[in-house]
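Atoms within a ligand are numbered from 1 in the order they appear, just like the ligands themselves. For the single chain, residues carry numbers from 1 onward in sequence order.
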Amino acid sequence: MPVTVIVGAQWGDEGKGRVVDYFAAQADIVARFNGGDNAGHTVIAEGHKLALHLVPSGILYPHVTCLIGAGTVVNPLTLLREMETLRDLGLDVSPAHLKLSAAAHLVLPTHQALDGASETRRGYEAIGTTKRGIGPTYADKAQRVGLRAGQMREPNVFAEAAGALVDAHNERLVHLYGLKAQPAGQIVSQLHQAAEALAPYLVDGAALVGRALAEGKHVIAEGAQGTLLDLNLGTYPFVTSSSPISGGALMGLGVGPKDVVRVVGIAKAYTTRVGAGPFPTELEDALGEHIREVGHEFGTTTGRPRRCGWLDAVILRYAAQVNGLTDFAVSKLDILSDLPTLRLAVAYELDGERIERFPAEWGAEVLARCRPIYEELPGWQEDISHARHRKDLPAAAQAYITRIEELTGVPASFISVGPEREAMILP
Ligand code: IMP
């Protein structure tokens with residue numbers, strides 16, 4: 001049995017948790033492959049509203065093995081807190097159900113401090129990171145000085161290595177940024193305790209996934225963030241430091257492309273972005289404010305208000321190509337109900353010329369000069385939250401979805417029409 005990859009098709013916050021939750025019901029493994037606790041995946045089920053940051057969205061299903069994969073970066077202290085919250089809700093977060101790849105890199109409190117210091121130093125050019133230490137941790141990984149989760153297997157040896165890394169970080173905090181050193185002794189002692197608690201969760205993640213595939217099991221690769229935050233193919237430098245696209249799933253879990261049979265791109269029915277960087281269809285007016293309020297567009301991890309704008313088919317076409325999307329899942333269609341007219345960007349105007357292609361590789365300056373070329377479509381006023389089939393939707397909502405499919409060449413196989421688990425139109 002195959003791998004289904006689920007990725008964000010925009011700038012993150014597309015509602016991936018919901019769709020992973022749907023697929024998890026028939027899956028054997030749900031595995032996070034990139035990012036860390038900068039993510040916030042919301043799943044609403046059986047009276048629980050779970051905001052998951054590191055734990056995969058399959059945790060609600062007792063039959064699913066949840067893996068935090070090799071491509072992720074894990075803050076052991078926040079992971080333990082998240083596990084505690086889930087345990088209090090009665091969920092099983094034992095090592096039988098939740099596993100941590102030995103190759104995942106660890107985020108230390110000093111990585112977080114360095115993230116904040118670097119953002120402050122950038123001033124008005126700040127990226128607007130989540131300040132969870134994600135960039136500095138991937139930087140240490142690339143420099144081959146990072147700590148890997150597998151080192152926690154021997155907590156005493158691990159504590160020594162962690163102490164050396166904390167000291168190196170403190171040197172930068174003090175001498176490069178002129179800040180106070182973080183309390184090394186306290187941090188090391190917390191990490192030592194965390195290592196003891198997490199050691200039983202460590203596994204060879206790629207071996208686990210490989211075995212499962214050989215046995216014909218179904219693996220869901222759960223992406224965090226979104227295509228345009230990809231380090232290689234996103235809107236650099238306003239990106240995250242990992243690879244949220246489908247290629248990142250291969251690297252981050254250790255599977256080959258032939259095992260992937262389906263790549264689902266989650267696209268919100270409009271566009272949002274948190275943090276800095278150009279956003280061609282942004283609505284900096286009352287309408288943007290309306291979408292933010294109705295759509296509750298505030299960050300799950302940081303609480304920051306999200307920037308809101310019209311749906312951008314130029315972005316979705318790009319996401320379809322770089323991920324090899326087989327399907328779209330359009331989320332939050334209900335949030336657009338009540339608007340008299342909808343706008344949909346079909347191309348951009350760049351320096352007087354029409355372009356159809358998202359110009360990610362040319363960088364933020366070029367994207368900032370792109371003006372969207374819109375098509376206008378009629379809105380709908382009906383409540384659509386009870387629709388369970390496409391034909392239940394008002395004609396205007398059906399036409400909106402059909403137009404997205406025409407512009408991208410990818411079927412919108414899933415459409416969410418409300419926050420509850422069952423408020424979804426399925427293929
Ligand atoms: P970092 O991942 O914290 O380094 O942040 C880099 C950029 O990615 C910033 O613009 C963040 O707002 C954005 N970002 C990181 N994680 C998420 C997410 O889960 N949803 C949306 N944006 C995110």
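Taking a 4.0 Å cut-off on heavy atoms, Arg132 fails to register as neighbouring ligand 1. Look at Val239 and you'll find a heavy atom under 4.0 Å from some atom of ligand 1. Heavy atoms of Ser241 stay at 4.0 angstrom or farther from ligand 1. Contact analysis puts Arg304 in contact with ligand 1, with a non-hydrogen atom separation below 4.0 angstrom.
Between Asn38 and ligand 1, at least one pair of N/O atoms sits closer than 3.5 Å.
In summary, the side chains of Arg403 and Thr408 do not present any donor paired with an acceptor at a separation below 3.5 Å, with no hydrogens or angles considered. In this structure, a donor-acceptor pair under 3.5 Å is absent between the side chains of His53 and Asn75. His111 and Asp140 form a side-chain donor-acceptor contact under 3.5 Å, judged by distance and modelled atom types alone. Of the N and O atoms on the side chains of Thr271 and Asp312, not one donor lies less than 3.5 Å from an acceptor on the other residue.
Between Glu297 and the choices Arg306, Arg307, Arg273, the salt bridge (Lys or Arg N to Asp or Glu O under 4.0 Å) rule is met once, by Arg306.
Below 4.0 Å from some heavy atom of Val274 lie the following atoms of ligand 1, by number and element: 10 (O), 12 (O), 21 (C), 22 (N). For ligand 1, the atoms sitting less than 4.0 Å from at least one non-hydrogen atom of Leu229 are 8 (O), 13 (C), 14 (N), 22 (N), 23 (C), numbered in the order shown with element in parentheses. Near Trp11, the atoms of ligand 1 lying under 4.0 angstrom from a non-hydrogen atom of the residue are 21 (C), 22 (N).
The option from Gln225, Arg306, Arg273 that lies nearest to atom 15 (C) of ligand 1, judged by heavy atoms, is Gln225. With distances taken over non-hydrogen atoms, the option nearest atom 11 (C) of ligand 1 out of Gly135, Gly275, Gly128, Gly35 is Gly128.
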